[in-house]
Amino acid sequence: MKCLKIFLICALVLSGSVYAWAQKVGLLMDSYVVERWRTDQSLFIERVKQLGGKVFVEVPHGNPDEQVRLAKKLIAQKVDVLVVVPSDAQKAIAIVDAARAA
């Protein structure tokens, strides 16, 4: 399910749909344990840039509590969209709650 959500978000960015409603995009990674995440991040940033947006990247290096803290930081920076590669599904609920409250 996690991969499907990420795929759908990436598909929106690559199709250009994000441009209409997002100038500031927060990208909250998990870690770079898998090399493909670096590649995906680079492609994601380049496409958002092509569409006129800016990506703010945070990486908690596999620490779920740090990921929640970084998510709240991005939300406080007023990102229009927050893309999350969750470290922990249960902790990700706190990220969703913080985004909803904002």
Trace of the side chain to side chain contact (heavy atoms under 4.5 Å, CB included) decision for Asp30 with Trp37: CA-CA 9 Å; Asp30 172 25; Trp37 290 121; 6.0 Å; no
Path from Val34 to Val57 over hydrophobic side-chain contacts below 4.5 Å: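 Same cluster: Val34 reaches Val57 through Ile, Leu, Val, Met, Phe, Trp or Tyr contacts under 4.5 Å.
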Cluster overlap Phe44 with Tyr32, hydrophobic side-chain contacts below 4.5 Å: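 Yes, because Phe44 and Tyr32 connect within a single hydrophobic cluster, where side-chain heavy atoms sit under 4.5 Å apart.
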Spatial distance of atom CG (Leu82) from atom CD (Gln77) [nearest 0.5 Å]: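 Those atoms lie 10.5 Å apart.
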Where [X] and [Y] come nearest, the two heavy atoms and their spacing:
{"X": "Ile75", "Y": "Ala102", "result": "CG2-CB, 3.4 Å"}
{"X": "Ser31", "Y": "Gly62", "result": "CB-N, 3.8 Å"}
{"X": "Ile95", "Y": "Leu28", "result": "CD1-CD2, 4.1 Å"}
{"X": "Ala92", "Y": "Pro86", "result": "CB-CB, 4.0 Å"}
{"X": "Lys91", "Y": "Pro64", "result": "CG-CB, 3.6 Å"}
{"X": "Gln41", "Y": "Leu27", "result": "CG-CD2, 3.8 Å"}

Heavy-atom donor-acceptor pair, Asp80 side chain to Lys24 backbone, under 3.5 Å: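 Checked: pair present.
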Lys72 (side chain) donor-acceptor with Ala94 (main chain) under 3.5 angstrom: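 Checked: no pair found.
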Could you work out, with salt bridge (Lys or Arg N to Asp or Glu O under 4.0 Å) as the rule, every residue matching [X], not counting sequence neighbours?
{"X": "Asp88", "value": "none"}
{"X": "Lys73", "value": "Glu58"}
{"X": "Glu46", "value": "none"}

Given Val59, Asp40, Val83, Val84, the one that forms side chain to side chain contact (heavy atoms under 4.5 Å, CB included) with Met29: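 Only match with Met29 under side chain to side chain contact (heavy atoms under 4.5 Å, CB included): Val59.
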Audit row: Lys54, Val48, side chain to side chain contact (heavy atoms under 4.5 Å, CB included) steps and yes/no: CA-CA 6 Å; Lys54 183 170 180 173; Val48 170; 6.0 Å; no
Min side-chain heavy-atom separation Val25-Phe56 under 4.5 Å: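 In short, these two side chains do not touch, never coming nearer than 4.5 Å.
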Arg47 and Gln50: side chain donor to acceptor below 3.5 Å: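 On atom types as modelled, these side chains qualify, holding a pair under 3.5 Å.
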